[in-house]
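Below is one structure, written out as C-alpha cells, with a few remarks after it.
Start at 1 with the first residue, then count along the sequence.
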Amino acid sequence: MRLRFHHLLFCIILSFAAAQTVLCQDTEMSRPLVTDIIVTTSDTHLLLFGELRNSLTKEMVDGLHSGIPITFTFFVELEKKEPNWLDEQLAALSFSHSLSFDTLKNLYVVEAEENKNKKRSTASLDEAAAILNEINGLKIIELSRLEPEGAYRIRVKADLFKKNLPMSLHTFIPFISWWDLSTDWYTVEFTY
C-alpha cells in the first residue's frame, strides 16, 4: 500500500509538472521579446536593427485611446569579449519610443528618442505599433573603437511600462498594473 501511495504521489507530481510546463509555454508565446537582431556597419559606425514582438496588450491600447501614452525603453549594451579576463563594456545606450493617440485628428503619433525625437503619424494602429517596436539603424559605436578580428557581444532588452501616474489614479484605472512588462536580454555575439 505504501508503495502504491508513493507511485500515485509521483504521478500526481509528474502530471502537475507537465501542466506547469504547458502553462509556461503558453505564457511564453505571448510574452514580449526582442527578435530579428541584425548587427551591421555603416562607413563610420556599428549599427543595430531589431524588432520588439508581443509588446501591446489590450489594456495598453484601451489606455492609449483614453489618452494615456505608451512608452517603451530600450537598453543596448556592447561588450568586447576578453579571453581569460573580464569582458570590457564599450557602450551602454538607452532610448525611448512613445506612442500617443490624437483624438481630434484620429491619428497615432510615434516618437523615437534615438532619431532626435522624430515624430511619425499614421491612422493605422498596426502601422504605429510596427514603428513603435522597431530599432532601425541605431548607431552604437564608432568603428574606429573596434579591433579587427575582435570578439564582441551585443545585448538588447526593452522595458514596456506606463507613464508615472499620481498614486490616486491607480485606483481609478485598474488596468495600469498590466503595463509593467519587460523582455529578457537578447544576445548576439559577433567578430568584427
Side-chain angles (χ1 to χ4, degrees), residues 21-42 45-64 68-81 87-101 108-120 122 124-143 145-146 150-164 175-192:
T21 302
V22 170
L23 180 63
C24 291
Q25 287 172 345
D26 288 344
T27 305
E28 195 66 32
M29 292 172 93
S30 62
R31 282 192 45 126
L33 63 127
V34 177
T35 184
D36 299 333
I37 295 294
I38 297 171
V39 179
T40 188
T41 60
S42 69
H45 285 83
L46 187 70
L47 304 177
L48 177 71
F49 294 83
E51 183 179 346
L52 182 60
R53 293 211 179 136
N54 304 327
S55 62
L56 293 178
T57 64
K58 180 185 179 318
E59 291 80 8
M60 287 180 182
V61 174
D62 290 345
L64 177 68
I68 301 171
I70 297 170
T71 301
F72 296 165
T73 302
F74 294 86
F75 300 93
V76 178
E77 295 178 352
L78 172 66
E79 298 172 335
K80 181 173 187 322
K81 293 176 57 178
D87 295 343
E88 177 187 1
Q89 187 174 61
L90 299 177
L93 309 168
S94 67
F95 56 93
S96 297
H97 289 182
S98 300
L99 173 62
S100 57
F101 182 65
Y108 297 93
V109 180
V110 181
E111 186 173 355
E113 186 178 54
E114 78 276 17
N115 294 331
K116 300 180 179 133
N117 294 326
K118 181 180 175 184
K119 293 182 181 182
R120 291 177 58 187
T122 179
S124 164
L125 177 59
D126 290 338
E127 187 178 333
I131 298 166
L132 179 71
N133 292 330
E134 180 181 66
I135 301 172
N136 191 1
L138 174 70
K139 291 180 179 178
I140 298 174
I141 194 168
E142 291 180 5
L143 294 179
R145 295 191 50 205
L146 300 179
Y152 297 91
R153 174 186 305 123
I154 286 188
R155 298 177 354 123
V156 183
K157 177 183 177 177
D159 284 347
L160 293 56
F161 61 92
K162 64 189 177 299
K163 290 276 189 180
N164 291 332
F175 54 79
I176 289 298
S177 61
W178 289 93
W179 291 41
D180 295 320
L181 299 170
S182 66
T183 68
D184 293 330
W185 285 99
Y186 186 99
T187 304
V188 174
E189 295 185 359
F190 65 97
T191 302
Y192 172 65

Do any N or O atoms from the side chain of [X] and from the backbone of [Y] form a donor-acceptor pair under 3.5 angstrom?
| X | Y | value |
| --- | --- | --- |
| His97 | Leu132 | yes |
| Arg31 | Ser182 | yes |
| Asn133 | Arg53 | no |

Shortest non-hydrogen contact from [X] to [Y]?
| X | Y | result |
| --- | --- | --- |
| Ile140 | Ala91 | O-CB, 3.9 Å |
| Pro69 | Ser100 | CB-CB, 4.2 Å |
| Leu99 | Ala128 | CD1-CB, 3.8 Å |
| Val34 | Tyr186 | O-CD1, 2.9 Å |

Should [X] and [Y] count as side-chain neighbours, where that means a heavy-atom distance under 4.5 Å?
| X | Y | result |
| --- | --- | --- |
| Lys139 | Leu47 | yes |
| His45 | Glu142 | yes |
| Tyr108 | Ile131 | no |
| Leu56 | Phe72 | yes |
| Leu125 | Leu64 | yes |
| Phe75 | Leu93 | no |
| Leu46 | Leu143 | yes |

Return the [atom1] to [atom2] distance between [X] and [Y], rounded to the nearest 0.5 Å.
| X | Y | atom1 | atom2 | value |
| --- | --- | --- | --- | --- |
| Ser96 | Glu111 | OG | CD | 9.5 Å |
| Asn54 | Leu33 | CG | CG | 5.5 Å |
| Leu146 | Tyr152 | CG | OH | 4.5 Å |
| Ile154 | Glu79 | CD1 | CD | 10.5 Å |
| Lys119 | Ser98 | NZ | OG | 9.5 Å |
| Thr183 | Leu160 | OG1 | CG | 7.5 Å |

*Hey, are Lys80 and Glu88 close enough for a salt bridge, meaning a charged N less than 4.0 Å from a carboxylate O?*
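No, no charged N to carboxylate O under 4.0 Å.
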*asked:* Show, in sequence, the C-alpha distance, side-chain angles and deciding distance for Phe74 and Leu138, and conclude whether the side chain to side chain contact (heavy atoms under 4.5 Å, CB included) test is met.
replied: CA-CA 11 Å; Phe74 294 86; Leu138 174 70; over 6 Å; no
*Identify which one of Arg153, Lys157, Arg155 satisfies the side chain to side chain donor-acceptor pair (under 3.5 Å) criterion when paired with Glu77.*
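Of the listed options, the one satisfying the test is Arg155.
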*Residues in salt bridge (charged side-chain N to carboxylate O under 4.0 Å, His left out) with Glu114, at least two apart?*
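Salt bridge (charged side-chain N to carboxylate O under 4.0 Å, His left out) check on Glu114 returns nothing, list empty.
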